[in-house]
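A short write-up of the structure that comes next.
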Amino acid sequence: MKKLNWGILCLLICTATWLQAQEQNTNAPIVNTQYGHVRGITEGGISVFKGIPYAAAPVGEFRWRPPQPVKAWEGELDATKFGSNCAQSGFRAAAGTIAEGSSEDCLYLNLWTPANSTPKSKLPVMVWIHGGGFTGGSGSSPQNFGHEFTKNGVILVNINYRLGRLGYFAHPALSKEFPNDYKGNYGYMDQIAALQWIQKNIAAFGGDPKNVTIFGFSAGGVSVHSLLTIPSAKGLFHKIISESGGGRDGVLTGRPINKENADIFYKVSAETIGMNFAKKHGIEGTDAAALAKLRALKVEQIVDSGQETDGPNGPRTYSGPILDGKLVVETAESAYNAGRQPKMPLMIGNCSAEIGGPFVSNAKTKEELFASFGELAEEVKAAYDADGSKTFNEVITKFNTDWVWGEPARLTARAFLAKQAPTYMYQFGYVPPNALQRSPYGAGHGSEVSFAFNTLNARWGAPAEPTAQEKELAKNMNIYWTNFAKTGNPNGVGVPNWPLYNNATQDMIDVELDGKINSKADPRKARFDVIEKGFKNRGKIQSRGI
């Protein structure tokens with residue numbers, strides 16, 4: 001027998017590899033957008049397009065400017081890798097650095113669509129707005145991958161938007177420059193620009209621009225409320241899901257741009273905060289020279305390790321979202337109370353034990369907390385601790401949850417009911433058995449996200465391998481979310497009934513501590529009722545703007 005010629009073998013192997021690569025490249029999904037062709041990757045019947053720019057890089061002269069149009073490109077854009085996250089400090093990042101993988105050049109979106117979709121498919125579109133307190137987070141987190149949504153028949157889009165001082169910043173010099181531009185809320189401007197990109201391009205990927213659902217968690221849920229009430233966002237979406245997004249003032253809801261002491265929680269204006277930040281870096285004045293110096297700062301200096309004040313108890317240097325009077329003209333609460341929100345299907349809810357500690361109140365005992373409600377002290381005690389057996393930790397956790405997220409969600413639901421819009425409310429309370437000691441009162445902030453996305457292996461922390469019960473819960477929640485995106489109704493074959501919300505019985509679904517889904521009248525009614533009454537004295541109960 002002749003020995004195999006190794007040169008010929010290597011040639012055969014290399015040729016086969018090249019042919020396989022060519023075949024894979026030929027099968028790569030290519031879509032023509034208004035700016036040029038994008039080439040993604042197909043994974044198990046799902047086409048994924050990563051890092052598509054929806055606006056130009058907001059750098060140099062375009063720092064703190066509305067998002068600029070993307071320039072068309074030649075050939076095919078490689079959309080097989082995620083773009084950079086928006087610049088942020090990151091968890092335990094070293095001083096003077098930004099998180100690895102983040103950059104000021106970050107206005108990208110990612111898209112999951114069935115591999116067999118065509119421009120005639122007209123699939124429902126879901127747009128995820130990530131959380132992170134408007135200072136962190138990403139549109140490319142594995143927890144928010146869209147494979148399971150797409151398997152259930154929708155297109156999923158994740159977006160990045162500017163964060164921290166790059167996303168929310170005001171200064172008198174900026175207000176003077178291009179006076180007709182929107183000012184301050186660059187992160188919201190980015191979200192709107194992404195939704196505009198979707199309106200113009202999603203049909204090419206198989207999506208229906210007339211059936212777009214926006215949904216988000218935490219700051220993303222707050223963004224949903226804001227987009228509902230921003231006039232320039234009108235018509236860009238048709239259904240809404242807010243997960244732990246609140247709905248009342250005092251929670252990331254908007255600081256006056258140039259008025260001092262105009263809000264009980266946000267007494268310092270955004271422009272004053274911008275000047276505080278400038279002074280920290282030795283920049284004085286309010287003219288074009290001061291603005292040029294601010295734009296010349298390195299991105300690491302702008303992020304400033306995520307610090308919100310100039311030293312402990314120093315002047316505030318980060319504003320958060322801004323009531324600028326042109327883009328953001330009012331808070332969600334004021335819009336809902338006046339009925340100025342659009343009529344569209346709503347799904348809203350929160351986790352059962354979002355956060356404990358001095359998040360809202362500085363009270364250190366149950367008695368001190370109850371007393372802060374004044375004449376309502378006995379009523380709040382009866383609602384939260386009727387027999388006196390609850391620990392302070394449990395009471396403060398439930399109070400924080402109701403004050404910031406639960407009762408404001410009910411306020412929102414009632415506003416939509418007044419518009420005769422289909423409205424669905426939920427509470428998510430499941431806690432894995434191995435986390436019960438850490439979370440004995442219910443599910444913490446963000447616990448529902450990996451269940452809604454059905455990405456249990458990407459849950460935060462170090463989760464155990466998903467149990468059969470957890471997989472069933474995640475499957476059902478993902479079906480609810482996709483059904484809602486399709487029709488405005490989360491119900492369908494194979495999932496427990498989710499009743500419409502109503503003012504009389506306040507029906508909802510409650511995902512309980514053990515993971516069972518139950519339809520019931522809202523068990524939190526007594527707590528919400530006294531919280532609602534307490535908001536007239538919110539300045540005495542809530543210690544600060546969050």
Side-chain angles (χ1 to χ4, degrees), residues 131 143 217-218 221 241-245 347-357 359 366 383-407 409-410 424-481 490 495-499 501 505-528 531:
Q143 189 183 33
F217 138 75
S218 194
I241 304 172
S242 178
E243 305 175 27
S244 300
M347 181 192 295
I348 193 165
N350 60 279
C351 292
S352 60
E354 296 268 358
I355 191 169
F359 190 68
K366 293 186 291 185
Y384 281 89
D385 188 30
D387 63 2
S389 65
K390 299 287 194 300
T391 65
F392 173 65
N393 285 341
E394 180 174 358
V395 170
I396 198 69
T397 298
K398 295 295 186 181
F399 162 72
N400 288 340
T401 299
D402 296 345
W403 183 273
V404 177
W405 294 284
E407 192 282 334
R410 187 177 75 169
Y424 298 88
M425 183 174 280
Y426 73 87
Q427 178 179 232
F428 184 86
Y430 172 68
V431 178
N434 64 350
L436 281 170
Q437 187 171 0
R438 184 176 68 250
S439 303
Y441 312 123
H445 196 53
S447 296
E448 89 290 354
V449 173
S450 57
F451 285 86
F453 276 81
N454 197 359
T455 52
L456 295 181
N457 287 321
R459 281 179 286 179
W460 294 335
E465 182 66 22
T467 65
Q469 182 189 23
E470 288 176 333
K471 291 177 181 178
E472 179 70 11
L473 176 59
K475 183 194 77 171
N476 286 338
M477 288 188 63
N478 190 253
I479 291 172
Y480 281 140
W481 264 238
V495 290
N497 180 60
W498 188 336
Y501 190 77
T505 57
Q506 301 180 24
D507 291 338
M508 59 178 286
I509 62 162
D510 193 3
V511 179
E512 298 187 343
L513 194 68
D514 61 3
K516 292 179 181 176
I517 300 174
N518 285 312
S519 301
K520 61 171 68 171
D522 196 329
R524 305 165 294 179
K525 181 181 182 302
R527 287 160 33 194
F528 286 3
I531 290 291

**Item:** Contact check, side chains of Val404 and Asn350, non-hydrogen atoms, under 4.5 Å
**Value:** no
**Message:** Rounded to the nearest 0.5 Å, what separates atom CD in Glu512 from atom NZ in Lys520?
**Reply:** 3.5 Å
**Asked** Which salt bridge (charged side-chain N to carboxylate O under 4.0 Å, His left out) pairs, counting each pair once, include a residue from residues 469-478, with sequence neighbours left out?
**Response** Arg459-Glu470, Glu472-Lys475
**Message:** Can you classify the ring geometry of Trp481 versus Trp498 as parallel (below 30°), tilted (30 to 60°) or perpendicular (above 60°)?
**Reply:** tilted
**Message:** Check whether Tyr480 reaches the backbone of Pro496 with its side chain - one donor and one acceptor, N or O, closer than 3.5 Å.
**Reply:** yes
**Prompt:** Do you know which two heavy atoms are closest between Tyr430 and Asp514, and how far apart they sit?
**Reply:** CD1-C, 3.6 Å
**Item:** Donor-acceptor contact below 3.5 Å, side chain Ser519 vs main chain Asn497
**Value:** yes
**Fill in**
Rounding to 0.5 Å, atoms CZ (Phe399) and CD1 (Ile531) come to a distance of 5.0 Å
**Asn478 versus Ala452, closest heavy-atom pair with distance** = ND2-O, 2.7 Å
**Asked** Is a donor on one side and an acceptor on the other found under 3.5 Å between the side chain of Lys366 and the backbone of Tyr384?
**Response** no
**Complete:** Across all chains, not counting sequence neighbours, the ring-ring contact (aromatic ring centres under 6.0 Å, His included) partners of Phe359 are Trp405
**Request:** Write down the atom of Cys351, the atom of Gly446, and the distance for their closest heavy-atom approach.
**Result:** SG-N, 4.1 Å
**Message:** I'd like to know if the side chain of Ser352 reaches the main chain of Ala443, judged simply by a donor and an acceptor atom lying under 3.5 Å from each other, with no hydrogens or angles considered.
**Reply:** yes
**Message:** Is it true that Asp507 and Thr505 share a donor-acceptor pair across their side chains at a distance under 3.5 Å?
**Reply:** yes
**Request:** Identify the heavy atoms of Glu354 and Ser244 that sit nearest to each other, and give their distance.
**Result:** OE2-OG, 2.6 Å
**Item:** Any residue meeting ring-ring contact (aromatic ring centres under 6.0 Å, His included) with Phe217, in chain and number order, not counting sequence neighbours
**Value:** His445, Trp460
**Contact summary for Thr401 and Ile355, nearest pair of heavy atoms** = OG1-N, 4.0 Å
**Request:** Show your reasoning for whether side-chain hydrogen bond (donor to acceptor under 3.5 Å, both in side chains) applies to Ser389 and Asp387.
**Result:** CA-CA 6 Å; Ser389 65; Asp387 63 2; 2.7 Å; yes
**Message:** Taking Gln506's backbone N and O only, do any of them form a donor-acceptor pair with Asp522's side chain (distance below 3.5 Å, no angle check)?
**Reply:** no
**Prompt:** Counting distance only, does the side-chain N/O of Asn400 pair as donor-acceptor with the main-chain N or O of Ile396 below 3.5 Å?
**Reply:** yes
**Prompt:** If only atom types and distance count, is the side chain of Gln427 paired as donor or acceptor with the main-chain N or O of Gly406 below 3.5 Å?
**Reply:** no
**Message:** Set out, in order, the CA-CA distance, both residues' side-chain angles and the distance that settles side-chain contact (heavy atoms from CB on, under 4.5 Å) for Tyr426 and Met477, then state yes or no.
**Reply:** CA-CA 11 Å; Tyr426 73 87; Met477 288 188 63; 5.7 Å; no
**Message:** Tell me the closest heavy-atom pair linking Lys398 and Tyr441, and the distance in Å.
**Reply:** NZ-O, 2.9 Å
**Request:** Report yes if some heavy atom in the side chain of Asn457 is under 4.5 Å from a heavy atom in the side chain of Glu465; otherwise report no.
**Result:** yes
**Message:** Would you say that more than 12 heavy atoms from the other residues, nucleotides or ligands in this model lie under 6.0 Å from the NZ of Lys516, or not?
**Reply:** no
**Asked** What do the steps show when you test Phe428 against Glu243 for side-chain contact (heavy atoms from CB on, under 4.5 Å), and what is the final call?
**Response** CA-CA 10 Å; Phe428 184 86; Glu243 305 175 27; over 6 Å; no
